[in-house]
Amino acid sequence: GAAADSMCESWADPAPDEAAAVRELLERQDESAGFVPFPGLAPSRDLTRQVVTHWGRLQQDYDAAPHEEMTGAMTAALAYLDQQIKQDYERLTRNAFNTRADNLGEQQIQYLYMRSFFRDIPRSYGSQIAYDYYFNQTRLYWKQQPPALRAMIALILYRNGEAGVARQILQSLRRQAQQDETRGIFWDISPGDGESMSRVAWHALLMEAFWEIDANAAEVEQMSLWLLAQRRGTGWQAPESTFAAASVLLMTGKSWLQEREAREGEFSQLEVSDAHLSEQALETGSGLYYQSAWKPTADAVQSGSIVVRQAGESTVWGSLSLRSLEANGVSGSLPVSIERSFFLIPEGKGPLRRLEPPFRLRPGDRVKVQIRLRTDKTLYQVQLQTAEAATFTPEDERVGVHDTGNLAYYRLPGTAATYYFFERIPTGVYQIEYTLRAGQKGLFHQGYLRLSSLTAPERETRLPGETFRVED
């Protein structure tokens with residue numbers, strides 16, 4: 001998806017970086033016309049849909065010039081996705097589901113939204129039957145969907161001539177919206193309300209629906225406040241979020257992110273727990289950036305107040321956080337539990353010996369690490385990061401696809417951490433094992449485990465690290 005996001009506005013004469021991005025993207029398209037996340041893995045329906053959706057947005061919003069190779073690849077990918085929706089419908093009829101009931105899921109809604117960018121490209125006969133069935137389901141069952149998916153349905157219907165129902169959906173979304181002076185208009189979008197995208201991307205889509213269907217500039221401007229408050233540095237947390245947020249801000253017309261000269265008397269001031277930390281005039285052209293760190297008292301942490309004062313017309317955003325190296329215990333918002341166990345591998349024959357804290361090893365000891373993942377809900381496009389202690393060297397440093405029989409993943413070892421990419425983790429319990437060898441003597445920290453969504457990095461589950469002492 002990141003390669004697709006970097007595509008350029010001018011396809012007629014792409015610059016070297018743009019040509020490289022197109023080449024990298026097309027190399028990920030296999031014989032089925034679906035896109036693979038890493039070489040050796042099966043094509044991903046979600047990734048293919050994301051790529052084609054981004055292409056459709058570039059064509060619609062930025063009037064990108066024709067690019068013959070990309071057009072051919074996207075047309076083939078569109079046929080691949082049409083085939084997937086046909087298979088969804090065939091599963092329903094084959095398994096004797098009640099086709100009059102609500103069978104509308106996020107996968108089908110995302111497909112219809114993607115297809116709304118390509119209304120002029122025909123579908124095959126079988127795909128058309130499936131398309132018509134799920135399109136009719138959006139008319140019947142939009143009330144059962146969470147706000148984010150309801151906004152997507154509103155755009156689907158509006159682009160296909162159902163403006164009346166689309167405006168009914170917007171009215172229902174207005175009733176559910178929250179509003180305050182600093183954050184503007186926003187919605188309480190929980191992790192289960194459309195798990196294929198981040199909260200930032202869903203909010204951007206809600207803005208897109210209100211702008212395209214109603215074009216109420218004042219209302220959309222209020223929604224922009226929440227979106228801008230989520231900005232981190234030069235972008236948002238993930239490429240998907242940054243693409244969605246930047247696109248909708250450009251679409252709505254106001255130059256929120258444009259730098260301008262400071263006006264006389266403008267300043268920004270920060271106070272925490274009655275401690276005056278900073279007051280500084282805005283710099284011409286670049287605005288203001290400051291970072292403060294201090295050691296507050298226990299009372300200040302428990303009951304401290306945070307006050308930010310801004311004089312003038314500028315919109316400012318930033319962050320203030322209370323940090324520690326690691327949280328204690330398992331924490332997270334993904335519906336998965338993580339366990340990690342360590343076993344000492346004997347020099348000769350014999351059983352593994354489970355290690356318990358405090359962990360003590362000798363140089364040369366071999367340790368088997370077992371990671372158990374348990375999930376009660378299928379996860380898509382997630383990444384596991386394991387941070388290893390400096391004394392450990394992995395025995396297997398191969399890069400590539402691994403298949404345990406019931407779980408496939410792409411493994412990428414690094415100097416300080418190893419990454420595992422999973423396109424899909426079905427409901428169940430899974431175990432990943434690898435072997436480390438202790439080398440250097442001393443006290444070392446085996447870092448945390450982090451399982452996170454690639455499209456919504458704020459959704460994650462962490463397991464804290466352990467301390468190992470290596471001595472003779």
Side-chain angles (χ1 to χ4, degrees), residues 1-29 33-37 44-82 109-122 151-152 155-156 158-160 196-198 200-213 215 220 227 234-236 238-257 381 454-455:
D5 295 346
S6 65
M7 292 177 193
C8 155
E9 295 180 10
S10 175
W11 292 100
D13 184 22
D17 287 350
E18 296 150 9
V22 171
R23 186 167 58 252
E24 180 184 351
L25 180 67
L26 297 182
E27 285 172 356
R28 296 287 181 89
Q29 191 172 29
F35 288 89
V36 299
S44 164
R45 179 180 182 176
D46 289 330
L47 179 60
T48 305
R49 189 194 63 245
Q50 290 164 13
V51 170
V52 178
T53 301
H54 288 341
W55 173 253
R57 183 181 296 283
L58 286 170
Q59 297 295 307
Q60 174 181 281
D61 296 346
Y62 304 109
D63 195 23
H67 185 282
E68 184 176 348
E69 195 174 10
M70 279 296 300
T71 300
M74 294 302 107
T75 303
L78 197 58
Y80 165 86
L81 293 167
D82 287 343
I109 297 170
Q110 289 268 14
Y111 164 81
L112 293 171
Y113 173 74
M114 177 276 300
R115 251 312 190 161
S116 71
F117 290 105
F118 303 96
R119 298 185 297 279
D120 57 334
I121 297 181
M152 192 169 271
L155 285 164
I156 294 164
Y158 182 77
R159 291 171 183 174
N160 286 278
S196 65
M197 288 161 57
S198 69
V200 165
W202 281 121
H203 186 90
L205 193 131
L206 281 150
M207 288 177 61
E208 179 187 348
F210 277 88
W211 179 257
E212 185 171 328
I213 298 168
V220 173
L227 193 63
T234 58
W236 285 260
E240 180 84 12
S241 300
T242 300
F243 181 85
S247 293
V248 78
L249 289 170
L250 288 169
M251 181 194 306
T252 54
K254 185 167 181 177
S255 300
W256 285 92
L257 306 181
Q381 294 186 312
L454 283 170
T455 54

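Position 1 is the first residue of the sequence; numbering continues from there.
- Between Asp46 atom CG and Leu454 atom CG the span is 11.5 Å, to the nearest 0.5 Å.
- Residues Trp211 and Val248 are not in side-chain contact: their nearest non-hydrogen atoms beyond the backbone lie 4.5 Å or more apart.
- Shown here for Thr242 and Trp236, the closest heavy-atom pair between the two residues is OG1-N, 2.9 Å.
- Taking a cutoff of 4.0 Å between a charged side-chain nitrogen and a carboxylate oxygen, Glu208 and Arg159 qualify as a salt bridge.
- Considering only heavy atoms from C-beta on, Pro239 stays 4.5 Å or farther from Phe243 through its side chain.
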As a quick check of understanding, evaluate side-chain contact (heavy atoms from CB on, under 4.5 Å) for Met152 and Leu112, giving each step before the final call.
CA-CA 9 Å; Met152 192 169 271; Leu112 293 171; over 6 Å; no

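- Separating the CG atom in Asn160 from the CZ atom in Arg119 is a distance of 6.0 Å, to the nearest 0.5 Å.
- Arg45 contributes no side-chain N or O that, together with a main-chain N or O of Leu81, makes up a donor-acceptor pair within less than 3.5 Å.
- Here the straight-line distance linking atom OG of Ser241 with atom CG of Leu227 works out to 9.5 Å at 0.5 Å rounding.
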Is there a side-chain contact (heavy atoms from CB on, under 4.5 Å) between Met74 and His54 once you walk through the steps?
CA-CA 10 Å; Met74 294 302 107; His54 288 341; over 6 Å; no

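- Distance CH2/Trp55 to CZ/Phe117: 13.5 Å, rounded to 0.5 Å.
- Under the side chain to side chain contact (heavy atoms under 4.5 Å, CB included) test applied with Arg49, the options Val51, Val52, Thr53 reduce to a single match, Thr53.
- Distance CG/Leu26 to CZ/Arg28: 11.5 Å, rounded to 0.5 Å.
- One distance of note links CD of Glu27 with CD of Glu24; it measures 7.5 Å at 0.5 Å rounding.
- Proximity of Arg115 to Ile156: side-chain heavy atoms (C-beta onward) are nowhere separated by under 4.5 Å.
- Among all heavy-atom pairs drawn from Ser44 and Thr48, the shortest one is O-OG1, 2.7 Å.
- Annotation: ring-ring contact (aromatic ring centres under 6.0 Å, His included) contacts of Phe210 (sequence neighbours excluded): Trp187.
- With a 4.5 Å cut-off on side-chain heavy atoms, Thr75 and Phe118 do not count as touching.
- Ala201 pairs by the side chain to side chain contact (heavy atoms under 4.5 Å, CB included) definition with Met197, Ser198, Ala244, not counting sequence neighbours.
- Considering only heavy atoms from C-beta on, Gln59 stays 4.5 Å or farther from Met70 through its side chain.
- Counted by atom type alone, Gln381 and Gln50 present one or more donor-acceptor pairs between their side chains at under 3.5 Å.
- Closest non-hydrogen pair, Ala73 versus Gln29, comes out as O-NE2, 3.1 Å.
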